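Below: the structure, in structure tokens.
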Amino acid sequence: MFGLVGRAVESLYYVCVGLWTVAKHTGRAPITKEFPDTMPDLPGAFRGRLALAVNPETSEHLCISCRQCERVCPDKCIDITAHKSPETGKLELIDFKIDHGLCMFCGLCTEVCPTTCIINTNDFEMSDYSREALIYDLKKLTLTQDESAHYFSKKYLPIPKPKPKPAPKPAAAAAKPADGVAAPAKPAPPAAKPAEGAAAAKSAPAATDKPAGDAAATKPTAEKKADDSKDSEKEKAAPEPSAAEGKAEPDKTEG
Amino acid sequence: MAPEKIEALTSTRLKTDEMIINMGPQHPATHGVLRLLLTLDGEFVKHVEPVVGHLHRAQEWQGQNRTWFQYQALIDRVDYLSGMFTSWAMARAAEKVDGCQVPLRGEYMRVIVSEMNRITSHLLWLGTYGIDLGAMFGFPFYPFREREKLLDLLEAISGQRMMFNYIRIGGVQSEAPPGWFAKVSEFVKEFPDRVDEYEAILTNNPIFIKRTKGVGILKKQLALDYGVTGPSLRASGVPLDLRKTKPYSVYDRLKFEVPIHEGDGDTFDRYVLRVKEMRESNEILRQCLEQIPGGTADELRERRKACNSCGKADCSNCGGDLMIMAKKQNAGLRIKAGEGFDAIESPRGILGCYIISTGGDTAYRFKWRNPSFCNLAALPDLLIDHPIADIMAIFGSIDVILPDVDR
Amino acid sequence: MEGFPQLTTWAQANVEQAVFYLLAVIAIPLAYGVVCDRNIIRSGFLLIGVFSTIAGLFILLSAQFLALAQIMIYGVGITLVVVIALMLTNPKAEKESMPALSIHKGPAIFVACFLFMCVYLALRSAENWPVKTDVAALSAAENLSRIGQSLLTNYSFHFEFASILLLAALIGAVMLAKAEPAVHDLNELSANEDKLKSSERADDVVKV
Amino acid sequence: MNPAVFEIGKFARLTVIWLSIIFGAVWAACWAVGVFAPALINASGMPTETASLASEVLRALVPVVAVAVFIPINAMFMVLCERRALALFTVRKGPNRVGPDGLLQTAADAVKLLFKEDITPHGADAVMFTAAPIIFFAPSIIGVLPLLAAASGNHELFRSVNLPTGIFYVLAIASIPVVGIVMGGWASNNKYSLVGALRSAAQAISYEIPLVLSIVAVCLMAGTLDVVKIADQQKDSLLSWNIFGGGALLPYVNLVVAGLQGNNEQVQAIMQHFQAQPLGPFAAVLMVVCCIIFFGIYITGACAEVNRIPFDLPEAESELVSGYNTEYSGIKFAIFFLAEFTNLFVVCSIASIMFLGGGHAPLPGLEQGFTEMLGGILKQLPGSKEIFSPGWLINSLVNPSTVSQAFWIILKTYSLVIFAILIRATLPRFRIDQLMAFGWKRLIPLSLILLIALTYLRELV
């Protein structure tokens with residue numbers, strides 16, 4: 001009998017403790033973030049929409065059409081169209097398409113980019129009315145100079161040195177893009193440089209079988225074939241980017 | 001007991017029709033897309049048939065058809081509540097095959113982010129367990145509030161809240177951003193108070209105790225027979241925690257207790273054990289923050305200003321223990337030929353990964369040993385002769401995550 | 001309806017009859033439905049409707065308390081009956097096998113006619129039927145205390161007898177519902193045997 | 001400043017605005033039907049007999065109008081109140097987008113539900129499927145009628161609905177909704193709904209008994225079933241509330257007060273009274289304890305009756321999807337939803353009338369002071385006797401005692417509602433067998449024992 005009463009009182013006490021704990025929370029500031037009014041304070045590492053940065057100082061487009069990102073993308077959502085300029089023998093970027101409907105925001109493309117051109121912005125509001133509208137082309141992807149500067153500082157990225165103007169780079173750049181351009185683009189990393197560059201440099205002795213910038217050589221054969229065939233296709237498709245653009249534009253206005 | 005005797009005893013009861021109920025795959029409490037085919041006698045479960053596979057995404061096949069580098073970004077999705085652990089299991093297996101040694105700072109970073117992830121996973125479990133038991137409108141928000149803080153921190157270091165892609169073969173992806181360590185230690189300081197609050201609401205609550213004590217008893221032997229691991233096994237009294245029994249990474253340098261419950265192994269024990277584990281993880285975090293070689297990222301950056309972050313292996317500021325990555329991360333990432341298995345202790349149990357590599361940049365064979373799958377196997381035995389209402393209490397308490405089951 | 005003298009007299013003159021007929025018109029089809037509906041559960045709900053209309057009739061007779069008791073007890077009680085019907089029957093199976101009850105029809109009609117005649121004759125002999133006319137004049141509060149007093153004085157034996165009957169029913173229900181030694185306990189038995197072995201084996205496994 | 005203070009302030013502001021809208025609307029509707037329209041009719045020069053009959057009909061309609069206006073708006077406010085209060089308890093902000101502070105959120109939700117497709121599932125019993133929400137909602141509308149008189153301080157317009165069997169009427173009507181639940185659950189042709197309905201029936205029957213017994217205890221102390229009389233008996237002060245033993249402690253407090261004041265005659269008089277009852281103080285304290293436990297039993301039973309957490313098994317979202325209303329959509333679902341909140345309001349207002357002194361202030365002087373003050377102000381107005389003069393308008397509109405009583409009863413009822421929300425934010429759900437065991441093995445014996453104890457203690461005090 002008394003055991004029963006004791007248990008009842010004890011239960012009641014613990015229920016009251018619970019109620020009091022909850023009631024105490026009334027006096028705490030709400031943690032709600034009212035999203036459209038106050039944007040979330042996203043960290044620099046945040047992997048949002050992909051974009052192509054320009055050099056924040058010279059507004060020079062950083063992409064060198066090396067196709068590293070295209071190759072590494074697990075979803076195959078990047079599509080680069082480039083051709084070799086007949087005059088200079090250099091690769092020229094014609095179009096750069098990213099299908100954000102396919103993209104899973106893993107950020108691998110930004111890690112392998114030798115010129116820190118392709119970056120993850122902090123933009124995550126990309127909703128649109130059609131799937132086609134999620135395919136971003138070069139124009140939509142390229143950031144302005146200010147935006148690039150903002151993200152370079154936010155992500156603690158080193159500002160790339162401008163490409164030497166005359167740039168008599170050998171035609172071999174097409175075959176060995178990382179080697180050719182990474183060297184001038186990779187300055188001595190400053191203190192805040194994260195991940196990839198520093199880690200890669202440091203780990204060089206540990207990873208004995210991997211000379212830096214040797215990506216093209218170790219490329220798997222199957223993928224190489226696929227890439228090659230794609231390249232040739234791109235070569236063919238290259239002369240008509242305006243048509244593709246024309247197709248994309250009405251869709252967008254429709255939406 | 002002889003079947004005739006059972007028959008004789010049971011046949012005196014009122015004969016009733018059995019009802020078959022299809023719980024899930026769209027039931028609010030099946031935590032994803034599990035389908036339970038229940039045969040009920042009144043409100044009591046007589047037979048359970050879990051139907052899994054609704055979320056099958058061929059994770060192993062994908063591993064065999066993508067390069068190592070690409071697959072690292074995908075495996076977080078196997079167990080989306082503890083992505084760090086899936087990455088880590090794969091990284092450890094690959095490192096074993098490759099023979100690559102992860103630098104000490106990298107290991108510490110791995111432990112820090114993983115323990116943070118363990119806390120987030122347990123917090124989510126705690127919140128949803130409250131929902132399973134009907135504390136739907138108040139309690140779940142408290143664990144989620146803390147989880148939010150941790151996810152913000154993990155987002156700051158890895159770039160995303162759940163699909164971290166942070167632990168890589170050979171180390172971790174990046175050094176922490178400025179101020180990150182300070183925020184973590186701030187969290188570590190305030191977290192025990194928060195756990196006290198959860199316990200004030202739940203642990204002694206008479207309704208909660210009634211709902212969980214003596215319900216869904218998982219016997220030691222049954223658990224071992226089914227290969228149940230993790231907190232569910234430890235709540236049944238088996239002291240099996242890879243962090244302690246077979247210390248990997250830097251866990252042998254850390255002082256922590258693995259909570260074991262010498263009880264019946266009912267749902268209440270599982271709850272108590274997970275809450276204790278959160279506290280222990282917090283303790284591990286605190287120790288890691290003290291022990292990590294090179295100190296916080298900010299201190300290290302100050303030190304590296306002297307050598308201008310040279311990145312040389314013999315540099316006292318950049319090389320050796322102070323590195324975070326031992327392998328170059330690029331599209332050409334390769335693992336030496338060979339095969340190997342390694343397992344770690346994920347929030348749900350032993351998470352193992354078996355790899356056969358032929359030396360190329362793609363694995364020849366992947367095999368995952370997922371704790372959720374094995375834990376779920378014990379579910380039918382736990383549910384028999386419990387009322388419908390207990391299905392949620394029991395199913396919630398063994399804490400499976402369906403993508404992990406279905407892979 | 002205190003405070004509305006004119007309204008009360010007017011309502012008594014004009015509305016009471018209309019309400020009575022309205023209730024009757026509702027009650028009779030409902031009662032018919034109770035008997036004839038093939039779905040036992042729907043019959044149960046219709047029965048609640050019948051009792052509600054009868055409660056309405058009680059209110060017309062100024063027996064507020066009785067009306068409310070009718071609603072409270074039958075409303076919930078019939079729900080219980082419905083629930084029990086739900087649990088004991090299989091509506092699908094019953095739909096398939098509706099037995100032809102032609103054998104029972106004759107006796108049923110006979111019994112119904114007999115009962116009706118009884119009631120009819122009783123009503124016809126109203127002048128000989130001792131009806132206390134003063135009760136109707138009581139106000140509701142007095143009515144209530146009158147019921148209480150009658151229950152505990154004149155009719156206390158009936159009242160107590162009914163309580164004992166109900167108590168017996170309650171105990172019987174408890175005995176029926178009490179769980180017999182069933183599969184649970186057997187499981188426990190075998191589980192205990194397991195327990196003895198398991199503790200040793202479990203340790204072995206961990207050691208390995 | 002702490003942002004939490006702003007949130008509490010916003011919540012308070014929202015509550016005040018909504019309550020003034022609700023009670024303003026009710027007041028205006030009642031005044032228009034019960035005062036203004038009869039005055040117009042009388043002034044219009046109709047034959048006196050017809051005119052007085054017409055005005056009596058109008059005045060008899062007032063309670064119906066009041067409830068018809070009050071119930072839907074109040075249910076909408078309670079939904080919002082619950083959501084905001086839950087947000088406060090869980091460190092969130094709650095709905096604050098529609099209208100200022102989210103004032104119109106539930107209005108918007110109601111409109112949304114009105115325009116949603118009304119789906120009747122395949123194989124459902126269409127008639128019962130439609131009837132169920134009506135049977136669920138109707139009792140909560142007609143059930144509150146007798147409470148109006150007590151809540152308005154026996155205002156003359158509501159006096160007519162004050163039944164001598166008032167509280168019994170309310171309880172009888174409050175037992176009907178379970179029929180609606182069983183009906184809806186069965187008619188939905190869904191196993192989850194059916195299980196929810198069965199649970200609901202079992203639960204309602206089990207918890208009705210302790211609920212009624214705790215009310216019986218109050219009636220026993222009051223000696224009547226009339227809610228107005230029960231409320232009036234508690235008018236003195238906090239100590240005469242039924243939760244504190246219905247005035248059992250009053251003589252002792254009077255003794256202490258008299259002793260402190262040095263009023264020896266009064267002390268002597270009271271002491272003589274005590275000598276007749278030597279066990280009096282002991283019995284009084286026990287009685288207070290009994291009454292407080294009865295209040296607890298009432299709250300528990302009420303939570304079970306209206307399917308609130310921790311007794312929300314008929315809905316049990318994590319087990320039964322949504323229980324008996326799984327298959328409902330659109331307006332039918334809205335009716336179920338509104339009815340649930342109305343039922344909560346009804347049980348809370350019963351509690352505040354039966355246990356917490358109805359519309360009477362907790363301290364003795366407060367009510368009288370306020371009434372006199374307001375009455376004095378009203379008397380100052382010019383021409384308060386002439387019909388249609390401003391004085392008459394205000395006097396017929398504002399009744400000092402009703403204002404005071406309405407204020408207190410709103411305060412008490414909504415405090416109980418907030419308490420129910422707090423319970424909802426904290427406790428997990430019972431399991432069905434534990435629920436039944438708790439009801440039958442704990443609450444019913446406890447309330448029976450206490451009821452017997454109370455009858456004897458009442459004699460000893």
Side-chain angles (χ1 to χ4, degrees), chain A residues 7 10-15 17-22 24-25 31 41-47 68 71-74 104-108 111-112 120 156 178 188-207 209-210 212-220 223, chain B residues 66-67 69-74 77 100-101 103 138-139 142 145 148 152 155-160 163 165 170-171 173-175 177-178 197 200-207 301-302 304-305 308-313 318-319 323-334 336 360-362:
Chain A
R7 261 187 293 150
E10 195 188 333
S11 304
L12 208 62
Y13 168 73
Y14 284 121
V15 167
V17 167
L19 289 175
W20 172 240
T21 314
V22 173
K24 261 195 309 195
H25 281 78
I31 50 168
D41 181 24
L42 294 168
F46 180 77
R47 302 203 293 265
Q68 287 265 37
R71 199 176 308 130
V72 85
C73 180
M104 64 175 198
F105 306 96
C106 59
L108 294 184
E111 281 176 35
V112 297
N120 280 113
Y156 312 109
K193 170 145 190 173
E196 188 260 321
K202 275 181 276 165
S203 63
D209 58 335
K210 288 202 178 44
D214 192 339
T218 60
K219 196 164 65 168
E223 208 171 299
Chain B
R66 282 185 164 67
T67 64
F69 188 55
Q70 288 175 340
Y71 190 48
Q72 285 180 72
L74 281 172
R77 284 142 174 95
C100 124
Q101 189 67 39
F139 178 72
Y142 303 140
R145 174 189 53 189
E148 204 62 25
D152 281 349
E155 185 184 37
I157 194 170
S158 72
Q160 256 178 36
M163 309 307 159
N165 191 12
Q173 188 238 351
S174 62
E175 191 55 86
E197 264 173 22
I201 296 172
L202 274 193
T203 306
N204 287 317
N205 187 305
I207 302 175
R301 268 187 213 105
E302 284 299 314
R304 281 180 184 165
K305 272 185 185 162
N308 205 10
S309 298
C310 60
K312 283 175 190 136
C318 305
M323 292 199 298
I324 51 168
M325 177 60 93
K327 219 164 158 60
K328 186 163 166 54
Q329 296 291 310
N330 63 11
L333 181 71
R334 292 172 149 210
K336 283 179 196 155
D361 58 1
T362 304

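On a predicted model such as this, the values are computed, not experimentally measured, just so you know. In what follows, chains are A, B, ... by sequence order, proteins preceding strands, each numbered from 1.
- Residues A:R47 and B:N165 form a side-chain contact, since some pair of their non-hydrogen atoms from C-beta on lies under 4.5 Å apart.
- The candidate from A:L19, A:V22, A:L42 with the greatest count of non-hydrogen atom pairs under 4.5 Å with chain B is A:V22.
- Per-residue counts of heavy-atom pairs under 4.5 Å with chain A were compared for B:P177, B:P103, B:P178, B:G170; the largest is that of B:P178.
- The nearest pair of heavy atoms linking B:Q160 to A:F105 is NE2-O, 2.8 Å.
- Heavy atoms of B:Y142 lying under 4.5 Å from chain A belong exclusively to its side chain.
- Interface check for chain A: of the options B:R66, B:E197, B:M163, B:Q72, the most heavy-atom pairs under 4.5 Å are formed by B:E197.
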Evaluate A:E10 against B:N204 for side-chain contact (heavy atoms from CB on, under 4.5 Å), listing each step before the verdict. CA-CA 9 Å; A:E10 195 188 333; B:N204 287 317; over 6 Å; no
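- Comparing A:G107, A:C73, A:A45 by how many heavy-atom pairs each has under 4.5 Å with chain B, the most go to A:A45.
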Apply side-chain contact (heavy atoms from CB on, under 4.5 Å) to the pair B:F69 and B:D361, showing each step before the final yes or no. CA-CA 8 Å; B:F69 188 55; B:D361 58 1; over 6 Å; no
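- Side-chain contact between B:I157 and B:Q173 is absent, with no heavy-atom pair separated by less than 4.5 Å.
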